[in-house]
Chemist: 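Below is the structure I would like to discuss, written out as C-alpha cells.
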Amino acid sequence: SGIEFLSNACWQNDYELCLRLHEGAVEACFAIGKHDDVARYTKNITTHASLDHSLKVCVTHLKSLSLIEHHQECISEGLKVLMALEKINIPSDPSPLSVMEAITNTEKMLSEYSIDQIMSLCEKEVDERVHLVSKVFDAFIVSCYTGAPSLLPFYACEWVKYSLRQGVCPESTGAFAVYAVTKVSITSDVKAGKYDAEVVRKVIQKQRAENKYSMQKYEARTQVMLCSTIDIWHGNYLSVTMKIRVVIPTYISDFFKSGPNVD
C-alpha cells in the first residue's frame, strides 16, 4: 500500500496525503475483515490527527469492535468520543432513577414538537459533523444491546435530544426507534410506544421522499427493530404472524442488500 512508502515525518510534511491513505486503509481492512489492522491504522490516525479529522475512522473502528464482539471496548470508546465531541455525558452504569429522569426530560423536549415540526427537521440541511456524530451513536447500538442493555435508555435519550437540536438525518431513525422500544420496556406504555413507532416511520418516509440519502440500510434495520418489538406487542395474532413470517425476513434481506456497512 501507499502507506509503506511514507517517511517517518509524513504527518508533518504531507498531512493530507497521510490522512487520506490511512482512511482508505481503515475502510479497506474493515471491508475484508482485518480488524486488527483497522485498530492499528485508526490508532495511527488518532495519534496524529484532530478528533474532527479522525471521526470518520473512529466510526469504522467502533463498527469493527462491535462486529468482533468486543462490546465493552466498543461502548467505552464510543462514550469517550461522544464526550469529547459534544460533551454528551452518558454514564456507563446509570441508576434506575437517572434513567427515569432522562426519559422524563426527553419526553418534555419531545412534547415541544408536533409531528409536523419533527418532519420539518428532516428538511433541515445538516453538516457532515452532525451525520458523523449520529453515526458514532449508531455504531454501538448492537454493543449496547448485547453488552450493556441498562445503558440503552440513557443512550437513546441523548441521541434523540441531539437529533432534535441539530436536525434529523437518516442515521437518526435509530435514535427514535431505540427510544420507542426502551421506553415501552420500562414504562409498559405500549400505546405511547406505538405512537413513537409511527413517528419513526414518518421520519423514514420523509427522508425517502427528500431523496437526499440512501435510506435502505437505516430503514431496513429500524423496521426490523420495530416489527420485532412494538408491532408484536401491539398487534393481534394474524398481524404478528405476518410480521414474523414475511415482513421481518424481507427487511433483513434489504439490510444485507444495502452492501458493506462502511460509511
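Since we're looking at a predicted model, the values are computed, not measured.
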Chemist: With heavy-atom distances below 4.5 Å as the criterion, would you say the side chains of Val136 and Cys58 are in contact?
Modeler: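 No. Closest side-chain heavy atoms not under 4.5 Å.
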
Chemist: Nearest 0.5 angstrom please: Gln205 CD to Met119 CE, how far?
Modeler: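 Between Gln205 CD and Met119 CE, I get 8.5 Å after rounding to 0.5 Å.
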
Chemist: Given side-chain contact (heavy atoms from CB on, under 4.5 Å), test Lys202 with Val199 step by step and report yes or no.
Modeler: CA-CA 5 Å; Lys202 287 181 181 294; Val199 172; 5.7 Å; no

Chemist: Side-chain heavy atoms under 4.5 angstrom apart, residues restricted to Ile, Leu, Val, Met, Phe, Trp, Tyr: same cluster for Ile103 and Val178?
Modeler: yes

Chemist: Would a 4.5 Å heavy-atom cut-off, applied to side chains only, mark Pro170 and His131 as touching?
Modeler: yes

Chemist: Is atom CG of Asp36 surrounded by more than 12 heavy atoms (other residues, nucleotides or ligands) closer than 6.0 Å?
Modeler: no

Chemist: Does a donor on one side chain and an acceptor on the other come within less than 3.5 Å for Tyr41 and Glu27?
Modeler: no

Chemist: What closest approach, in Å, do Ala139 and Cys74 show between heavy atoms, and which atom pair accounts for it?
Modeler: O-SG, 4.3 Å

Chemist: Would you confirm whether Tyr155, through its side chain, and Phe137, through its main-chain N or O, come within 3.5 Å as a donor-acceptor pair?
Modeler: yes

Chemist: For His61 and Leu65, what are the C-alpha separation, side-chain angles and deciding distance, and is it a side-chain contact (heavy atoms from CB on, under 4.5 Å)?
Modeler: CA-CA 6 Å; His61 183 222; Leu65 290 171; 3.8 Å; yes

Chemist: Side-chain contact test, heavy atoms from C-beta onward, threshold under 4.5 Å: evaluate it for Glu107 versus Lys183 and give yes or no.
Modeler: yes

Chemist: Please report the closest heavy-atom contact between Ser98 and Phe154, naming both atoms and the distance.
Modeler: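 Taking Ser98 first and Phe154 second, the nearest heavy atoms are O-CE1, 3.7 Å.
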
Chemist: Does Glu101 offer a backbone N or O that forms a donor-acceptor pair with the side chain of Asn105 under 3.5 Å?
Modeler: yes

Chemist: Which atom names give the shortest non-hydrogen contact between Pro94 and Pro91, and what distance separates them?
Modeler: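 That would be CD-O, 3.4 Å.
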
Chemist: Hey, is the main chain of Lys43 close enough, under 3.5 Å, to the side chain of Thr46 for a donor-acceptor pair?
Modeler: yes

Chemist: Does NZ belonging to Lys161 count more than 12 external heavy atoms closer than 6.0 Å?
Modeler: yes

Chemist: To the nearest 0.5 Å, what is the distance between NZ on Lys206 and CG on Leu121?
Modeler: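 Answer for the NZ-CG pair, Lys206 versus Leu121, is 11.0 Å.
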
Chemist: Can you tell if the side chain of Leu110 reaches within under 4.5 Å of the side chain of Tyr179, non-hydrogen atoms only?
Modeler: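 In contact.
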
Chemist: Between the side chains of Glu16 and Arg20, is the shortest nitrogen-to-carboxylate-oxygen separation below 4.0 Å, so that they form an ion pair?
Modeler: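 Yes.
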
Chemist: Report yes or no: does Gln117 contribute a side-chain atom to a donor-acceptor pair with the main-chain N or O of Ser114 at less than 3.5 Å?
Modeler: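 Yes, the answer is positive, given that a donor and an acceptor are paired below the 3.5 Å cut-off.
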
Chemist: Just so I know, are the side chains of Ser185 and Thr182 near enough to count as touching, which here means a heavy-atom distance under 4.5 Å?
Modeler: yes

Chemist: Closest approach of Val184 and Gly193, non-hydrogen atoms and distance?
Modeler: CG2-CA, 3.3 Å

Chemist: How far does CG of Asn44 sit from NE2 of His22, to the nearest 0.5 angstrom?
Modeler: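 Asn44 CG to His22 NE2: 3.5 Å, rounded to 0.5 Å.
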
Chemist: Report yes or no: do Leu151 and Met100 belong to one cluster of Ile/Leu/Val/Met/Phe/Trp/Tyr joined by side chain heavy-atom distances under 4.5 Å?
Modeler: yes

Chemist: Working note: Phe176 + Leu164, criterion side-chain contact (heavy atoms from CB on, under 4.5 Å); need CA distance, chi angles, decisive distance, verdict.
Modeler: CA-CA 10 Å; Phe176 291 94; Leu164 292 174; 4.2 Å; yes

Chemist: Please check if Val26 and Trp11 belong to a single hydrophobic cluster, counting links between Ile, Leu, Val, Met, Phe, Trp and Tyr side chain heavy atoms closer than 4.5 Å.
Modeler: yes

Chemist: Measure the spacing between CD1 of Ile141 and CG of Leu62 and express it to the nearest 0.5 Å.
Modeler: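 It comes to 12.0 Å.
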
Chemist: With a 4.5 Å cut-off on side-chain heavy-atom distances among I, L, V, M, F, W and Y, is there a chain of contacts connecting Leu51 to Leu79?
Modeler: yes

Chemist: Looking at Asp138 and Lys135, is any side-chain nitrogen of the basic one under 4.0 Å from a carboxylate oxygen of the acidic one?
Modeler: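 Result for this pair is no, no salt bridge flagged.
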
Chemist: Measure from the side-chain N and O atoms of Asp127 to the backbone N and O of Val130, and report whether any donor-acceptor pair falls under 3.5 Å.
Modeler: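 Side chain of Asp127 to backbone of Val130, a donor-acceptor pair under 3.5 Å: yes, one is there.
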
Chemist: For the atom pair NE2 (His71) and OG (Ser66), what is the distance rounded to the nearest 0.5 Å?
Modeler: 5.5 Å

Chemist: Check Ser163 against Ser172 and note the closest heavy-atom contact, atom names and distance.
Modeler: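 Heavy atoms only, the tightest pair is OG-OG, 3.2 Å.
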
Chemist: Decide whether Leu132 and Phe140 are clustered together by the hydrophobic rule: side chain heavy atoms of Ile, Leu, Val, Met, Phe, Trp, Tyr closer than 4.5 Å, transitively.
Modeler: yes

Chemist: Answer yes or no: is there a side-chain heavy-atom contact under 4.5 Å between Ile88 and Trp159?
Modeler: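 When only atoms from C-beta onward are counted, Trp159 and Ile88 do not touch, as no gap falls below 4.5 Å.
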
Chemist: Can any side-chain N or O of Ser111 pair as donor or acceptor with the backbone N or O of Lys108 at less than 3.5 Å?
Modeler: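 Present.
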
Chemist: Say you draw a straight line from CG of Leu67 to OG of Ser143; how long is it, rounded to the nearest 0.5 Å?
Modeler: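 If we round to the nearest 0.5 Å, Leu67:CG and Ser143:OG are 9.5 Å apart.
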
Chemist: Do any N or O atoms from the side chain of Thr106 and from the backbone of Ala102 form a donor-acceptor pair under 3.5 angstrom?
Modeler: yes

Chemist: Applying side-chain contact (heavy atoms from CB on, under 4.5 Å) to Leu55 and Val81, what does each step give before you reach the verdict?
Modeler: CA-CA 8 Å; Leu55 190 49; Val81 171; 4.0 Å; yes

Chemist: Check for a donor-acceptor pair, side chain of Gln72 on one end and backbone N or O of Gly147 on the other, with a separation under 3.5 Å.
Modeler: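 Side chain of Gln72 to backbone of Gly147, a donor-acceptor pair under 3.5 Å: yes, one is there.
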
Chemist: Using a 3.5 Å distance criterion without hydrogens, assess whether the side chain of Ser50 forms a donor-acceptor pair with backbone atoms of His53.
Modeler: yes

Chemist: Test: side chain to side chain donor-acceptor pair (under 3.5 Å). Region: residues 81-91. Which pairs qualify, not counting sequence neighbours?
Modeler: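 For residues 81-91: Glu86-Arg129.
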
Chemist: So, do Asp37 and Arg40 sit near enough that their side-chain heavy atoms are less than 4.5 Å apart?
Modeler: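 Side-chain contact under 4.5 Å: yes.
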
Chemist: Taking C-beta and beyond as the side chain, do Asp52 and Leu85 meet within less than 4.5 Å on heavy atoms?
Modeler: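 SC-SC contact between Asp52 and Leu85 confirmed.
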
